[in-house]
> 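First, the structure itself, so that you have it in front of you.
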Amino acid sequence: MSDLLQGLNPAQRRAVEAISGPVLVLAGPGSGKTRVLTHRIAHLIQTAGVDPLNLLAVTFTNRAAREMRERLSTLVGKGVAMALTVGTFHSLCARFLRRDIVYLERARDFVIYDSDDQERLIRRILHDLNLDVKQYQPRSILSRISSAKNELVSPTEFIRLNRGYRDEVVARCYQRYQVLLREANALDFDDLLVETVRLFEQHPTVLAHYQRRYHYMLVDEYQDTNRVQYVLVKQLAAQRRNLFVVGDEDQSVYGFRGADVRNIRSFEQDYPEAQVILLEQNYRSTQAILDTAQAVISADAGRKHGKKLWTENSAGLHVALYKGYDQEAEAAFVADEIVHLVTSGTFTMRDCAVLYRTNAQSRALEEAFSRRGLRYQIIGGIRFWERKEVKDVVAYLRFAANPFDSVSLTRILNWPTRGIGERTETELARWAVQLGVPLFQALKELDNEQAAAPFSARTITVLRSFLRLTEELAAACRQLPLVQFIAHLLERVPVRESLVREYKTNEADERWRNVEELSNVANRYSELPLEEQLPTFLEEVALVADVDRLDQTADAVTCITLHQAKGLEYPAVFLVGLEDGLVPHSRSLDQRDQLEEERRLLYVGMTRAKQRLYLCHAGRRMSFGHTATTTRSRFLEDIPPALIKPSVRQRAVVAVPQFGSAGRNSGTTTNREVARASVVAVPPTKPIAADTVPARPQKPRVVTFFAGQRVAHTRFGEGVVVSSRLIDGDEEVTVSFTDRERRLLAELANLVHVEA
DNA sequence: GACCAGCCGTTTTTT
DNA sequence: ACGGCTGGTC
């Protein structure tokens with residue numbers, strides 16, 4: 001049992017051994033926190049004699065949950081590891097709700113709506129409310145609804161809080177949205193958490209059951225919890241207070257989805273008896289990488305208590321800085337450098353990762369890699385489950401499992417096309433509203449001869465035959481194992497024919513392969529009892545993240561967003577697109593908190609690297625079909641030049657060695673490409689003393705904008721100043737633009753006074 | 001209802 | 001630059 005503590009430093013040991021009570025572990029990147037979490041669980045089981053059934057662990061991704069289970073299997077045995085409850089907040093809540101939801105009719109078979117389903121629902125609502133979809137973008141309404149839910153604000157409360165006409169529209173949508181979700185027996189992502197909190201609030205016996213069951217609760221990446229998750233943790237840990245949270249405020253990068261660093265910052269107030277453990281030793285990166293990352297994060301103005309990371313690792317090579325002529329040169333550099341790293345025998349392809357801010361950036365890389373025959377895997381982008389053909393087939397499965405699911409019903413109503421057009425769909429929807437029943441119920445009324453269905457005889461025939469099909473499928477899905485049911489479905493519904501009709505041969509083939517892949521995934525559920533196969537499958541479809549599908553054993557370069565890279569590590573890391581507008585992203589430029597989050601994102605990216613780190617940017621970049629010159633990321637200016645070394649590696653001029661056969665164009669490098677190669681070494685823009693971070697310029701102490709002034713912003717156009725105030729020496733101006741009010745930082749937003 | 005041409009928005013990040 | 005959508009026509 002003592003081998004669990006072997007090789008741990010004193011701080012890690014204290015974290016592992018802390019038996020009871022609240023514990024806050026502030027852990028820097030590469031400090032072995034995953035190891036600490038796993039070993040602590042093993043320690044609780046083996047040394048403290050805690051039954052694994054009494055342990056609840058919350059991870060950030062399902063992949064992390066799976067890895068924790070695997071590590072635990074080797075430490076304490078597979079059976080024990082399987083007994084542990086571990087998962088993401090979302091999957092755990094889904095599980096709790098399936099078991100215990102007691103106040104919603106039919107609730108146990110609820111489906112989970114993803115963002116695409118949510119958007120369809122909002123569109124329908126806007127349509128019903130006679131509102132223009134262009135003017136009120138469904139995405140923006142959904143994001144308002146989502147933040148309301150994350151703050152546990154109900155539609156009723158939202159209406160009470162409402163400010164201005166726009167929020168009134170959101171409020172009406174929110175209210176109707178919830179009604180329709182319940183009618184469809186569906187929960188969206190946020191509902192999974194919100195409904196669990198409500199379940200616990202309204203049914204103390206249910207909460208008490210979980211409080212009794214889970215003696216110890218552990219939460220990873222606590223800095224990324226939002227309000228609902230915070231409340232949930234509080235509820236579950238209220239009795240025994242054996243709450244162990246691990247996090248790092250420097251790695252908080254999910255503010256946009258409601259994550260609130262205050263949760264981790266106020267842990268000691270919430271649990272005054274808490275033990276606080278700092279893990280500052282880094283085991284992952286070389287000194288050079290760590291120093292460079294520290295230079296970037298130290299300049300974060302909003303940091304509460306900065307950790308002083310240190311490492312016993314060797315100094316390693318300088319962090320490399322590369323400037324490409326454009327994004328293609330940048331991608332070419334990355335590809336050639338990877339070829340170099342691999343051929344020189346230092347690294348394998350699976351050791352290399354390319355990290356970027358937006359998924360769209362993966363395209364240039366993809367081209368550069370496939371041209372050289374480099375194997376790569378791109379995580380994210382167009383997700384498997386979001387492909388239209390996959391979603392369409394899944395819609396049949398969801399509808400068979402839950403006929404109240406109106407979104408799925410409208411999705412399959414005329415797919416494959418069967419002569420039910422938009423006209424008929426609108427009529428059907430209107431009729432359902434008139435009868436006050438879900439869509440499916442209205443459809444069923446067609447069998448009732450007395451009902452005055454507002455359709456032509458021909459339409460009624462078509463609808464009835466669709467109704468027969470769905471009834472038949474609903475019956476079959478209860479009798480057949482999932483894989484057989486899918487086969488049956490594909491027999492009854494001419495999916496392949498439809499794909500062939502809709503797309504060109506190649507594309508139709510590829511889409512059909514995706515549909516077949518669906519059956520392969522379904523096969524994983526064959527072991528489960530028949531009635532659990534379909535629901536479990538559908539839940540995975542909704543909750544499994546892209547990064548969960550990452551294959552770390554594949555001999556291929558990984559291309560991934562900075563966000564998804566959190567928690568991962570690679571011997572060689574390339575950060576691309578380090579330009580103002582990407583990192584920090586242009587949407588984050590105007591607000592201090594968002595800007596700081598971008599800085600932390602860069603920090604997260606840099607600290608993924610174990611041995612080699614490349615910081616890349618391009619002098620010109622094409623976006624939206626236009627090429628524009630760029631400025632390198634302002635965050636790079638915070639790195640003392642002595643720490644980074646411009647990389648001047650020339651592109652391979654001779655034949656490039658071939659690596660397997662990824663992509664279509666795996667082949668030779670042409671002369672044209674070599675001619676285009678352009679390597680520019682960038683001198684540091686301003687001299688900075690090597691060992692100090694530059695002092696920030698003195699902030700203004702007075703406001704320079706006043707209510708009523710007309711101002712112009714490069715992106716938002718003209719607006720009127722509502723108010724202006726100083727926050728920490730920053731002037732925050734609230735401006736009413738034509739679309740909405742925005743809070744901007746005067747220093748950053750580049751506001752220009754305009755004559756009235 | 002199917003088909004085609006031109007148009008428009010896309011790119012923040014995700015469970 | 002590209003794919004998806006709209007609105008026109010058959």
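Residue numbers start from 1 in every chain, and the chains themselves are labelled A, B, ... in the order their sequence lines are given, proteins ahead of strands.
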> Scan Val228(A), Leu181(A), Thr196(A) and name whichever one has a side chain to side chain contact (heavy atoms under 4.5 Å, CB included) with Asp191(A).
Leu181(A)

> Using ring pair (Phe, Tyr, Trp, His ring centres under 6.0 Å), reason through Tyr254(A) and Phe60(A) one step at a time and then give a plain yes or no.
CA-CA 11 Å; Tyr254(A) 280 94; Phe60(A) 193 67; 5.0 Å; yes

> Pick base, sugar-phosphate or nothing for Leu582(A), based on heavy-atom distances below 4.0 Å to the nucleic acid.
nothing

> If the P atom of dT11(B) is compared with that of dC5(C), how far apart are they to the nearest Å?
13 Å

> For residues Gln361(A) and Thr358(A), is any side-chain donor paired with an opposing acceptor at under 3.5 Å?
yes

> Walk along nucleotides 10-15 of chain B from 5' to 3' and tag each nucleotide B, S or - by protein heavy-atom contact under 4.0 Å, base first, then sugar-phosphate.
BBBBBB

> Rounded to the nearest Å, what distance is computed from the NE2 atom of residue His626(A) to the C1' atom of nucleotide dC2(C)?
13 Å

> May I have the distance from Glu328(A) (atom CD) to dA1(C) (atom P), rounded to whole angstrom?
11 Å

> Encode nucleotides 5-10 of chain C as B, S and - characters from 5' to 3', where the letter depends on protein heavy atoms closer than 4.0 Å: B to the base, S only to sugar-phosphate, - to neither.
------

> What's the spacing between Leu97(A) CG and Arg198(A) CZ if we round to 0.5 Å?
10.5 Å

> Phe96(A) vs Tyr214(A) aromatic rings, parallel, tilted or perpendicular, using cut-offs 30° and 60°?
tilted

> Please round to the nearest 0.5 Å and tell me the distance separating atom CZ of Arg120(A) and atom CG of Leu180(A).
15.0 Å

> Residues in salt bridge (charged side-chain N to carboxylate O under 4.0 Å, His left out) with Arg608(A), at least two apart?
none

> Please work out whether the ring planes of Phe537(A) and Tyr525(A) are parallel, tilted or perpendicular, with thresholds of 30° and 60°.
perpendicular

